[in-house]
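Below, each value reflects all heavy atoms present in this structure, side chains not excepted, and no hydrogens, waters or symmetry copies. Keep in mind the model is a prediction, meaning the values are calculated, not measured. Below, chain A is the first sequence line, B the second, and so on; all start at residue 1.
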There are 2 protein chains.
Amino acid sequence: MSIDPSRLGPMANAIRALSMDAVQAANSGHPGMPMGMADVATVLFSQFLKFDPAQPRWSDRDRFVLSAGHGSMLIYSLLHLTGYASPSLEDIRKFRQIDSVCAGHPENFLIDGVECTTGPLGQGFAMAVGMALAERHLNATFGDDLVDHRTWVVAGDGCLMEGLNHEAVGLAGTLKLGRLNVLWDDNKITIDGDTSLSTTEDVLGRYAASGWHTTSCDGHDFADVARALAEAAADPRPSLVACRTVIGKGAPNKQGGHNVHGSPLGADEIAAAREYLGWSAAPFEIPADILADWRSLGAKGAEARAAWEARAAAAGDKGRELARRMAGELPADTGFAAYAAEIAASQPKVATRKSSEMALEALTVGVPEMVGGSADLTGSNNTKTKATGPLTAADYAGRYVYYGIREFGMAAAMNGMALHGGVIPYGGTFLVFADYARNAIRMSALQRARVIYVLTHDSIGLGEDGPTHQPVEHVMSLRMIPGLNVFRPADAIETAEAWELALQAKDRPSALILTRQNLPAVRADTAMKSARGAYRLKAAEAARQVVLLATGSEVELALKVAQDLEGKGIGADVVSMPSWELFDAQDAAYRADILPAGTLKVSIEAGVTLGWQKYVGDGITVGLDRFGASAPAEVLFEHFGFSVEKIVPRITARLG
Amino acid sequence: MSIDPSRLGPMANAIRALSMDAVQAANSGHPGMPMGMADVATVLFSQFLKFDPAQPRWSDRDRFVLSAGHGSMLIYSLLHLTGYASPSLEDIRKFRQIDSVCAGHPENFLIDGVECTTGPLGQGFAMAVGMALAERHLNATFGDDLVDHRTWVVAGDGCLMEGLNHEAVGLAGTLKLGRLNVLWDDNKITIDGDTSLSTTEDVLGRYAASGWHTTSCDGHDFADVARALAEAAADPRPSLVACRTVIGKGAPNKQGGHNVHGSPLGADEIAAAREYLGWSAAPFEIPADILADWRSLGAKGAEARAAWEARAAAAGDKGRELARRMAGELPADTGFAAYAAEIAASQPKVATRKSSEMALEALTVGVPEMVGGSADLTGSNNTKTKATGPLTAADYAGRYVYYGIREFGMAAAMNGMALHGGVIPYGGTFLVFADYARNAIRMSALQRARVIYVLTHDSIGLGEDGPTHQPVEHVMSLRMIPGLNVFRPADAIETAEAWELALQAKDRPSALILTRQNLPAVRADTAMKSARGAYRLKAAEAARQVVLLATGSEVELALKVAQDLEGKGIGADVVSMPSWELFDAQDAAYRADILPAGTLKVSIEAGVTLGWQKYVGDGITVGLDRFGASAPAEVLFEHFGFSVEKIVPRITARLG
């Protein structure tokens, strides 16, 4: 059924009323965007968006991404009005309070209808690119009957001005993601004032230069909005619709100015707005006829969902396989066990970036939902396998994305892919350039998205490229991000274990920190010891006085230091510590056994020492608290004190 | 004098020969770019660039930025060939070795003629925008006689594909920086292969959409390059010149392919290249006539420099003021002392973002070279003062830049401004979005650039905007960056001290971490105690058992905790610790006095605890090791355990 056009105005005003009332009640929030985009959103939800409020996780729903997340009352209003179970009116009344799911910015882990957490500007848009990419990939794999939906985005000037936008636009244009439709809230206002203060860009020209379809509409003319959205939906290219709007539309004295962006309207202006809009209902009250109009919208989606379910059931194994992938469940056998056994036997001396590739060769066969890629460092990150052919505009069934020189865009797209579901994205860059993507890595963790970062060239061990390319603070800085599993494996076995653990961690991202240079095997068993985060790799022979803690490439050095100490009659454990997060999750007894009291603890890691005091107490930290230098790796390790000759005297001096 | 056009070919081949020989000797490096851009660079240096090899720091020189820093042999060759004192031929022979200034990527702190450190893609370009901006600002301040130069950039596909480029292009276009001319090495190759793998962008179209002048040339046709560069120099807009080149030009079997990008050519191909180029000189040998041609180029610049010096001398005070600013020396009185005295007397209870503004009102009067700005959060970062009028295309004499929603672009531009000299840039964003700019902050530190970051809304204390906007790991992560001074002041006095210390730190960047919420004054003296990094704010009254360490907004809480403990007869020091870096630089006796042995150390900071173990040992860390939530600030502090009621029992339990 379709809505009588004369009803759209009152429906849009319901969004405005809820938004201004909720912001006022919270005495905090952003009324400008929801009020400005209310008309556009009403057209989108009433005539274009495929959704079933009763089944918010239905896999073939359209994705709606509010990239301008500060306008959270827009999506809360829409979800409530259309009849999603959450948020309730009570939640909206408690907007921005600690016991409400209606947080200041929409959070995917609080409300099912929120596809991704937005607020950090530009990222919603870039995640939507990932969602649209996942859709096309699954469509190519499972067919139109099972996967056939769109991704709709509401974005503001901030989302478009961020550098990340250039990466997202370029990626979407190159991959010809025609199912991606972006509605730009073109209100010519940013926080500092008129957009002309800081930009003179011809936005549509820029998008056209990247192969996008572009059009404009009057964002307060329902018919014109519908015309533009239909045009966008019909065009085979990704679309940008410039919706010319008035920020805070409906607040008669404040609309159109930057002060309506991020502050409550105030009681007087709200009263004036009610008058202006002809809205006489009490705060948080939606007239029954208007609510009925909104609630009627889900019927079409419910019908489509029921038809889809019938098709999915009829599709048999194919339907079940899609359901498995969308549920995020791994295949019974990822391929890890057989590969680990092989590696334990062969004990290759290879760089961990290389053993990562070897593990991937097995896992990408066993786990068909893995979709890899690299930010233009494929041959250095070793991320491409035989099983993962190029995913291109000509072949969406491929499983390897050439992300280009777009670290942030890659990370955000991977977040979108993981949140869309049905794929497990992994992508590579140099560890030092994880900086470029850092907030998206944080957002992986906040959103509980299974994204796997392959971060190679992990220390001064990369050698000649010098300090711009040598991570020093990066491993520790990544450990600071709550909810991110950081692995720095010491050899091929630990690398394989890290991959398996990353895949198994359904609700969190992982970062694999890998070397450029070759490392010898330090283990020959397949006991999945990395699951403990840290474990005793070598027990002291003489009476234990020292416990050496090391990660990655420095485990080999720790073994040599221990050997030297044992030669002097000093017993020394070597603990390999690939993941601090997993170690911290062990019980106290295990941790105490690994880090026994009364021993001298010594950490060895080719990065900043700050942080290691957590485990070594007043012991010794061997690390690098300065930028590196340009020289061959072995020269640098020696130069910066990573040698038996330099470390052992520091230990014996302390032992006295 | 001008070079005979027939000489340009051999001159360019000298670059090719040095580049391929140096990479081969190092057995590591990037020959593709220097060989591909040798012809363009030869035209630039012989006909356009204003430089005097004898005076590499001459303030009115043109700036040459090799944004594609991996092609470092291009700039090393150019500097050596034109007769700069550094690098020597010996340095080039030892390319990428630990005792050579010819590092893998060009580093500004090793060689005077290297204007900035490049390698992290996109940043050289964005720093050049800052240099061009500084030039126009100083030109508007000191006139054409004293400041009148250009910024020339060589950039590759990577620099253009990075998101940062969008920000840099937008900023330069809006500010109409016509003295900025970018030479794009349009070779259609990236590391992964042909650029079409990852981009289909009409690059010139994008630049035109941002108000740039664009043109193209055949990068191997000297006359055509000269025509394009002349056109770029003449146009009042910033210019992009697409130089169509063949990567690795001159290596007959490898040129044009992606394998020539980042590996030595090998002895056979080098032999073939010598044949192909007609280059018969031995490795690292430059025929005398060709070297003479190169060495002749500096004469014009030397003449211009001498004329400039005469004008500068004639300009009297104006010349001396420019010299002071370019030398990076502060005025005798920054305005700090008077302001600090005033604040010590008035003891305002304001947010530190507000007291930062108050300090800035004084300092921007006292220090006219300060140029402020914000990434579209002027009213939130409180970065604008009365003395700093808008710096716009219409008024380059202004001192406040509306950077737009471009955190990374702002940070990189500020690096360029600081490295250009003559200005001290400061700029604001929310602390959480320092992530977006993180690698540029790192580059501030690596390059030893006096850039001051104003990072507000520094914890859950920002309240309702929720976890996307609440920094948790950020303060500690910034402390990880070597060479960055991080300040988290506790009140208006400490904030003023942080500003003064940041200004005084001539060769390093600072980050000021500031609250959204009000804080009471904790001090009434002007003793510049922050210079010690940490100091005893309150001494124990009862016998000292506890030392409370806190920063910023948690110092107030630490004082309350101490008061409660004293009420229980437990003596407790309170140490305010605004800067770890400065504290670590104190002598051992001072540090031992502040952190006396035999006491229970307790840290209180509303962020991750990892790292505090450095000071508290096996004491207590009060912090937040998870993401925050959306609610009013006071609710959140209570909810997450930042209260006397929650902290004191943890301390008394430990004391037994």
Side-chain angles (χ1 to χ4, degrees), chain A residues 28 96-98 103-105 119-121 158 161-164 166-167 170 173-174 190-192 197-202 205-206 209-211 376-378 402 404-405 408 435-436 438-439 446 464-468 473 476-477 480-482 608 610-611 613-614 617-618 626-627 629-631 635, chain B residues 28 96-98 103-105 119-121 158 161-164 166-167 170 173-174 190-192 197-202 205-206 209-211 376-378 402 404-405 408 435-436 438-439 446 464-468 473 476-477 480-482 608 610-611 613-614 617-618 626-627 629-631 635:
Chain A
S28 147
R96 294 182 154 237
Q97 307 308 308
I98 199 154
H105 291 81
L121 291 177
M161 214 185 294
E162 288 287 359
L164 173 58
H166 170 49
E167 302 185 12
T174 303
T190 73
I191 290 175
D192 273 0
L197 267 180
S198 56
T199 183
T200 50
E201 183 185 72
D202 164 16
R206 172 166 68 94
S210 276
D376 198 47
L377 288 168
T378 295
Y402 288 103
I405 302 149
F408 201 178
D435 279 357
Y436 279 50
R438 187 167 169 91
N439 200 267
L446 180 61
E464 293 89 344
D465 273 348
T468 53
E473 71 278 25
M476 198 65 78
S477 297
M480 300 281 162
I481 298 178
V608 293
L610 179 56
Q613 295 84 3
K614 176 177 177 181
D618 59 359
R626 50 155 288 175
F627 291 112
S630 173
V635 174
Chain B
S28 147
R96 293 183 155 237
Q97 307 308 308
I98 200 153
H105 291 80
L121 292 177
M161 215 186 294
E162 288 287 359
L164 173 57
H166 170 49
E167 302 186 12
T174 303
T190 73
I191 291 174
D192 274 0
L197 267 180
S198 57
T199 183
T200 51
E201 183 185 72
D202 165 16
R206 171 165 70 93
S210 277
D376 197 48
L377 289 168
T378 296
Y402 288 103
I405 302 149
F408 201 178
D435 279 357
Y436 279 51
R438 188 168 168 89
N439 201 267
L446 180 61
E464 294 89 344
D465 273 349
T468 53
E473 72 277 24
M476 198 64 78
S477 298
M480 300 282 160
I481 298 178
V608 294
L610 178 57
Q613 296 84 3
K614 175 176 177 181
D618 59 359
R626 49 155 289 175
F627 292 112
S630 173
V635 174

- request: Name the member of A:Pro120, A:Gly170, A:Gly211, A:Gly158 that forms the most heavy-atom pairs with chain B at distances under 4.5 Å.
  value: A:Pro120

task: Begin with the C-alpha distance, continue with both residues' side-chain angles, and end with the deciding distance and a verdict on side-chain contact (heavy atoms from CB on, under 4.5 Å) for A:Glu167 and B:Met161.
output: CA-CA 7 Å; A:Glu167 302 185 12; B:Met161 215 186 294; over 6 Å; no

- prompt: Of the listed residues (A:Ser477, A:Ala629, A:Gly404), which shares the most heavy-atom pairs with chain B below a 4.5 Å separation?
  reply: A:Ser477

message: For the interface with chain B, which of A:Leu446, A:Leu164, A:Ile481, A:Leu377 has the highest count of heavy-atom pairs at distances below 4.5 Å?
response: A:Leu446

- prompt: So which of B:Arg96, B:Arg626, B:Met476 has the largest heavy-atom pair count under 4.5 angstrom toward chain A?
  reply: B:Arg96

- request: Tell me, with the steps shown, if A:Arg438 and B:Glu473 meet side-chain contact (heavy atoms from CB on, under 4.5 Å).
  value: CA-CA 12 Å; A:Arg438 187 167 169 91; B:Glu473 72 277 24; 3.8 Å; yes

- prompt: Is there a donor-acceptor contact under 3.5 Å from the side chain of A:Asn439 to the main chain of B:Asp435?
  reply: no

query: Between B:Asp618 and chain A, which part of the residue has a heavy atom less than 4.5 Å away: side chain, backbone, both or neither?
result: neither

message: Between A:Tyr436 and B:Phe408, is the ring pair (Phe, Tyr, Trp, His ring centres under 6.0 Å) condition met? List the steps.
response: CA-CA 9 Å; A:Tyr436 279 50; B:Phe408 201 178; 5.0 Å; yes

- request: Would you mind telling me which of A:Thr200, A:Val608, A:Leu610, A:Asp202 has the largest number of heavy-atom pairs within less than 4.5 Å of chain B?
  value: A:Leu610

- line: B:Phe627 and A:Pro482 have their tightest heavy-atom pair at CE1-O, 3.2 Å

Inter-residue atom distance B:Gln97.CD - A:Glu464.CD, 0.5 Å rounding: 6.5 Å

Atom pair CG/CD1 of A:Leu121 and B:Ile405 - distance to nearest 0.5 Å: 6.0 Å

field: A:Ile98 CD1 to B:Ser630 OG distance, which is reported to the nearest 0.5 Å
entry: 8.5 Å

field: Structural part of B:Thr199 lying under 4.5 Å from a heavy atom of chain A
entry: both

query: Between B:Gly466, B:Gly617, B:Gly611, which shows the greatest number of heavy-atom pairs under 4.5 Å with chain A?
result: B:Gly611

field: Nearest-0.5 Å distance, NZ of residue A:Lys614 to CD of residue B:Gln613
entry: 6.5 Å

statement: Max heavy-atom pairs within cutoff under 4.5 Å with chain B, candidates A:Ile191, A:Asp376, A:Leu197, A:Thr190, goes to A:Asp376

statement: Between the OG1 atom in A:Thr468 and the NE2 atom in B:His105, the distance rounded to the nearest 0.5 Å is 4.5 Å

message: Distance check, rounded to the nearest 0.5 Å: B:Glu162 atom CD versus A:His166 atom NE2?
response: 8.5 Å

- prompt: Does A:Gly104 offer a backbone N or O that forms a donor-acceptor pair with the side chain of B:Asp465 under 3.5 Å?
  reply: no

